[in-house]
Amino acid sequence: GAGVSQSPSNKVTEKGKDVELRCDPISGHTALYWYRQRLGQGLEFLIYFQGNSAPDKSGLPSDRFSAERTGESVSTLTIQRTQQEDSAVYLCASSLVRSSYNEQFFGPGTRLTVL
Amino acid sequence: SQELEQSPQSLIVQEGKNLTINCTSSKTLYGLYWYKQKYGEGLIFLMMLQKGGEEKSHEKITAKLDEKKQQSSLHITASQPSHAGIYLCGADHTSGTYKYIFGTGTRLKVLA
């Protein structure tokens, strides 16, 4: 069966450019999460969706970061005017319901490099 | 300082040896999760522990939760090269919410 997929798998961009990262969750999963993982560091929570609403955006590091979700399907994380400190692996996860007692299924991540 | 500390940060063992990875929380744990990460494959869920004293096993991997110590340990018996990867613990510090806090990971290498 299909798991969580993310695209692109790798993205190299120049400082100041905008990038869009895509996440396709497992079909039927209502909850969707975005995390960032900098080299040698743990996962940093960015944003969470329940359906297409995002009740908590407090993890977004700056107003250059935004995310959308279409219904209970694909989500896009957009980073505007990228900076070198945005370089990281961006991981998406989905779960059946909004609860920490449900396993989160992770995608393979998008490795973003900002030159 | 990290809310979740993992130790050791890296580990190299000979195939067949046992090993233990620890995860210590600075806050009360409402749920503790272990994941394994391999490059290009995302995180693979291993186990979830919720109750103090709980212990779960999957194949040769056993995880325990010491709620009082706010600590969990992951033990691998008779390690194999397939066990190599980064082991991450994740925790819920607020009952029933969706936010995980993750540790920095333990990088495991198993020598054949």
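Letters A, B, ... are given to chains in the order of the sequence lines, protein chains preceding strands, and every chain is numbered from 1.
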Evaluation steps, side chain to side chain contact (heavy atoms under 4.5 Å, CB included), between A:Phe106 and B:Gln37: CA-CA 10 Å; A:Phe106 282 80; B:Gln37 184 177 30; over 6 Å; no
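A distance of 11.0 Å separates CG in A:Leu43 from OG1 in B:Thr104, rounded to the nearest 0.5 Å. Rounding to the nearest 0.5 Å places CZ of B:Phe45 at 8.0 Å from CZ of A:Phe105. In this structure, the separation between CG on B:Leu43 and CD on A:Gln37 is 7.0 Å, given to the nearest 0.5 Å.
With contacts defined as side-chain heavy-atom distances shorter than 4.5 Å, the pair A:Glu44/B:Phe102 does not qualify.
The environment of NZ in B:Lys36 is crowded: more than 12 heavy-atom neighbours from other residues, nucleotides or ligands sit within 6.0 Å. With a 6.0 Å radius and a threshold of 12 heavy atoms from other residues, nucleotides or ligands, B:Gln14 has its CD atom above the threshold. Residue B:Gln9 places its CD atom among 12 or fewer non-hydrogen atoms of other residues, nucleotides or ligands, all under 6.0 Å distant. Around atom CD of A:Glu68, no more than 12 heavy atoms belonging to other residues, nucleotides or ligands sit under 6.0 Å away. By the neighbour-count criterion of 12 heavy atoms within 6.0 Å, atom CG of A:Leu115 is densely surrounded, having more than that number from other residues, nucleotides or ligands.
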